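The structure under discussion appears below in the form of structure tokens.
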Amino acid sequence: MILTVTLNPSIDISYTISNLKLDTTNRTDKVSKTAGGKGINVTRVLHDLNKAVTATGFIGGNLGKAIVKDLNESGIQNDFLSIKGETRNCIAILHDNQQTEVLESGPTIADDEKLAFLNHFKALVSHANVITISGSLPNGLEDDYYAKLIQFANDSNKKIVLDTSKANLSSVLKSVQKPTVIKPNIEELSDLLGTEVSSDPDSLKSVLTNDLFSGIEWIVVSLGGDGAFAKHNNRFYKVNIPTIPVVNPVGSGDATVAGIASALEDKLDDIHLLKQAMTTGMLNAMESVTGHIATDHYDDLFNRVTVTEY
Ligand code: ATP
């Protein structure tokens, strides 16, 4: 199975309000509440792909219970560690063709919980072939916490896909514990390198040879509607995708991570891994629900992705 790690999950609330007014009351009956967080999106897409998947991370309080209930109702296996703090809400208000978000920072993880999760994770890793780690760390965990998780996974020779950014990512890149794959977008790469990175393939090819990335087997730079540029060991690939009817691209990076993890588990070759990663990303962008794909158009899209060695 594939193990997905979401250390700071949320209940994602979306309110649609046609004409949002400030400093007064707004009412709506267009409300959706679902389990969220980048790793939960990865989990749902893996489930849509019919892969065996288990979601883990920290949950707490009634909102934590709501996450488990939501996943159980979808038939998704999960094994979270319960904590004293309360799982967060993240609110998106869809109004006037705009999206305004309020993101709670979430609970602070206590020292005993921090240690307990390491043991919890270690036990789960033994049943997994591939592990995905997504999103930022909750308060209370040091930046090197992901490197600790990666060490357990590496000790058991498991494949790891890491999708995080800023200090959480740079801490892993500086550590001796390397994930198998990272999937930055251009903004995350620019943040990491402290300079504006261009999506031009020649410049990306040079950026990805930066010493910071040494020891990382796969780097898949996702480029939204422009596909991706990737490096696998010493090979570079430019990946082109067709134009598609985009409905909601939020979470497409998470769907791409799911495609990569599934391909790693199935030991697909480079071309097939990249085609699958792009196809799951595009399928997510064609749906209104974040972190969901309908697989009916899978083959059609997959066959229209082209991968060229660069
Ligand atoms: P997020 O943070 O919302 O999860 P991301 O920035 O990590 O997204 P993107 O590069 O936007 O990830 O998207 C990942 C993949 O999804 C792309 O490589 C592509 O295959 C597909 N995709 C995303 N946006 C579009 C789009 N507008 N048109 C076609 N495909 C898209």
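Owing to the predicted nature of the structure, the values given are computational and were not obtained by experimental measurement. This chain uses plain numbering: 1 for the first residue, then up along the sequence. Both counts, for ligands and for their atoms, begin at 1 and track the order of listing.
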Contacts table for residues 212-219: side-chain donor-acceptor under 3.5 angstrom, sequence neighbours left out:
residue	atom	partner	partner atom	Å
Ser214	OG	Asp211	O	3.0
Glu217	OE2	His232	NE2	3.0
Trp218	NE1	His232	NE2	3.4

Side chains of residues 56-68: which donor-acceptor partners sit under 3.5 Å, not counting sequence neighbours?
residue	atom	partner	partner atom	Å
Thr56	OG1	Asp79	O	2.7
Thr56	OG1	His120	NE2	3.4

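A salt bridge does not link Asp70 with Lys33: none of the charged nitrogens is closer than 4.0 Å to a carboxylate oxygen. Under the 4.0 Å criterion applied to side-chain N and carboxylate O atoms, Asp48 and Arg44 are not assigned as salt-bridge partners. Using a 4.0 Å cut-off between charged side-chain N and carboxylate O, Lys114 and Asp111 make a salt bridge.
Contact residues of ligand 1 (protein heavy atom closer than 4.0 angstrom to a ligand atom; sorted by chain and number): Lys38, Lys183, Asn185, Ser222, Leu223, Gly224, Gly225, Gly227, Ile241, Ile244, Val246, Pro249, Val250, Gly251, Ser252, Gly253, Asp254, Thr256, Met278, Gly281, Met282.
Taking the side chain to side chain contact (heavy atoms under 4.5 Å, CB included) definition, one finds that Ala294 meets it with Glu287, Asp296, sequence neighbours left out.
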